Amino acid sequence: MNLRVLAPALVSLLALGACGDKKPKEKKSAAGASSAPVDSKKADALWALAPAETAFGIVLPGSAAQLHTTLLNVLQLAEARPMGAKLAAELRANAKSLSFDPMSSEAIKLAGLDLRLGTAVFISGTPSPGQGSFAILPVSDREAFRKATAASQETVGGLEIDKMGELFCALKSELYLCASSVPELNGFGAKVEGSLATQVAALPATYRGEAEIAVDVKVMQKYDPSAFVGDNFDDPKLAMFAFRLTGASLGMRLWFQAKAKGSMAKAAAVNSELANAPAKEHPTALQRMRLPRELFPDSQLSETLPGNIDLEKDVLSKLTGEFIAYAPESATGWTRLAVGLTDETAFKSLLNMGCGAAAAIPGFSVTPGEGACKLQIDFSKVPLPSPEVTAMFPNPFLIGARVQNNQFTITVGKESPATSQSAMSAMGQDMIGGDWNFSFWVDKLAVAQALGTSWKGMSSELSPSEKEASDLFLWMLSHVAEVS
């Protein structure tokens, strides 16, 4: 057994657990999972055992049992699909080739493991082979575990050691501890509270999880100076992957701490003024960006626009850099894009001129206003080069534009009241109200609508095997309540 192989396996288990049941059963928090605070005491106790030079760690303070149950539930559901049955059969066959079947709850118990116990893996930054790997395994029956893993036994310095491949393991302070060498095992198990443990324990509760993966960037950079190096940040410290497990839902948040600079710092300085309106419209999907001027794409337009408007001075420089798009839950399925402005003058002039010019185009019906324009397009009357384009829009197409309250908004579709008055989920509220440079959120209804539309045009062009795989993928996504 090699811990540098075991660590990716645990990460894979966490990722596979993400495919839970159909609907979340508890309210989610801004962190993307349960509204109940995480009890991090058990996790902190495990992190405190991480050796001083630990660069990477995985801690599951009893959550492995829930992850395993979720994985088995997913497999049982997937086996009802043709492609899913093939994948599940292959996975089960590979699992049975191991010393015990990790896909079987009974086999795990017979192997002396209790997944309700704490589990952890720690990897040091040392580049030396055969050193710097540590683990805490959920062993409840040592004799059964020895038998299942074909471990050999020896006593070194009064310590009874189990040898499994490259690992040396022993029972110390009621914990089953493993390390890549006997000297390392002798020094493992005492409370250290090293750099990684201290940083994790200092995190806000909303950034913790029932399962956690952490990287001490400073330690890692001692051995790999190229790790976590970027043009837009300095002084990276802690990287974290936190999982929240709640009934049938799994929330995941990946982040790392650093000091922003350059474009990232400028984007973070963009004011967030557009976030309040979408929440009132009960959206099913939204996307939000804060973009500094230096990242705007170079314009190919002439410098002077109609009305003697300077493109750079009067238009581009008057954008705040905040953009938001959202789709309310409505009978007409309309969508809105809003752009933040510091000065409306040039935008109103351009909109008024554009609205007047559009009235001369065949098939365009225009309702102008001061700083506003409603446009209805009948594509059957528009001179188009291809009849296929006309067929795509059998009904009149509606677009509305307005400059008001330092916003330039474009509404596509017929605006209508929201069909649901339920509040946005906590995950959606976090994406729209949090301090993000970029955020995206979509709920199950919006996912289903988007996929259903695109799938109709694609399925006839796929081979049978491709269609099987796509059917499985779409089926899996149909069980996703929301994504952000």
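All figures in this text were calculated on a predicted structure; none of them were measured in a lab.
Annotation: salt bridge (charged side-chain N to carboxylate O under 4.0 Å, His left out) contacts of E193 (sequence neighbours excluded): K191. For K266, the salt bridge (charged side-chain N to carboxylate O under 4.0 Å, His left out) criterion is met by E294, not counting sequence neighbours. Under the side chain to side chain contact (heavy atoms under 4.5 Å, CB included) criterion, N308 pairs with T304, sequence neighbours left out. Applying the side chain to side chain contact (heavy atoms under 4.5 Å, CB included) test to A45 and every residue at least two apart in sequence or in another chain returns nothing. The side chain to side chain contact (heavy atoms under 4.5 Å, CB included) test applied to N94 returns E90, not counting sequence neighbours.
With values rounded to the nearest 0.5 angstrom, T342 atom OG1 is found 7.5 Å from L319 atom CG. Here the straight-line distance linking atom CG of L316 with atom NZ of K318 works out to 11.0 Å at 0.5 Å rounding. Rounded to the nearest 0.5 angstrom, E212 CD and W47 CH2 are separated by 6.5 Å.
Remark: R116 CZ is loosely packed, at most 12 non-hydrogen atoms of other residues, nucleotides or ligands lying under 6.0 Å away.
For residues 219-229, the pairs satisfying salt bridge (Lys or Arg N to Asp or Glu O under 4.0 Å) are E53-K222, with sequence neighbours left out. Residue pairs meeting the disulfide (SG to SG under 2.5 Å) criterion with at least one member in residues 390-422, sequence neighbours excluded, do not occur. Residues in residues 319-367 take part in these disulfide (SG to SG under 2.5 Å) pairs, two or more places apart or across chains: C355-C373. The list of salt bridge (Lys or Arg N to Asp or Glu O under 4.0 Å) pairs with a residue in residues 407-420, not counting sequence neighbours, reads R336-E415. A salt bridge (Lys or Arg N to Asp or Glu O under 4.0 Å) check over residues 346-361, counting only residues at least two apart or in different chains, returns the pairs E344-K348. Annotation: salt bridge (Lys or Arg N to Asp or Glu O under 4.0 Å) contacts involving residues 351-376, sequence neighbours excluded, are absent.
Between F347 and F408, the angle of the ring planes lies from 30° to 60°, which puts this pair in the tilted group.
Side-chain contact between I399 and I410 is present, with heavy atoms from C-beta onward closer than 4.5 Å. Between I58 and L60 there is a side-chain heavy-atom pair separated by less than 4.5 Å.
Salt-bridge check for R208 with D44: passed, with a basic side-chain N closer than 4.0 Å to an acidic carboxylate O.
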Could you tabulate the donor-acceptor pairs under 3.5 Å formed by side-chain atoms of residues 231-241, not counting sequence neighbours?
from: N232; atom 1: OD1; to: S263; atom 2: N; distance (Å): 3.3
from: D234; atom 1: OD1; to: K261; atom 2: NZ; distance (Å): 3.3
from: D235; atom 1: OD1; to: K218; atom 2: NZ; distance (Å): 2.7

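No side-chain donor-acceptor contact under 3.5 Å links N406 and E273.
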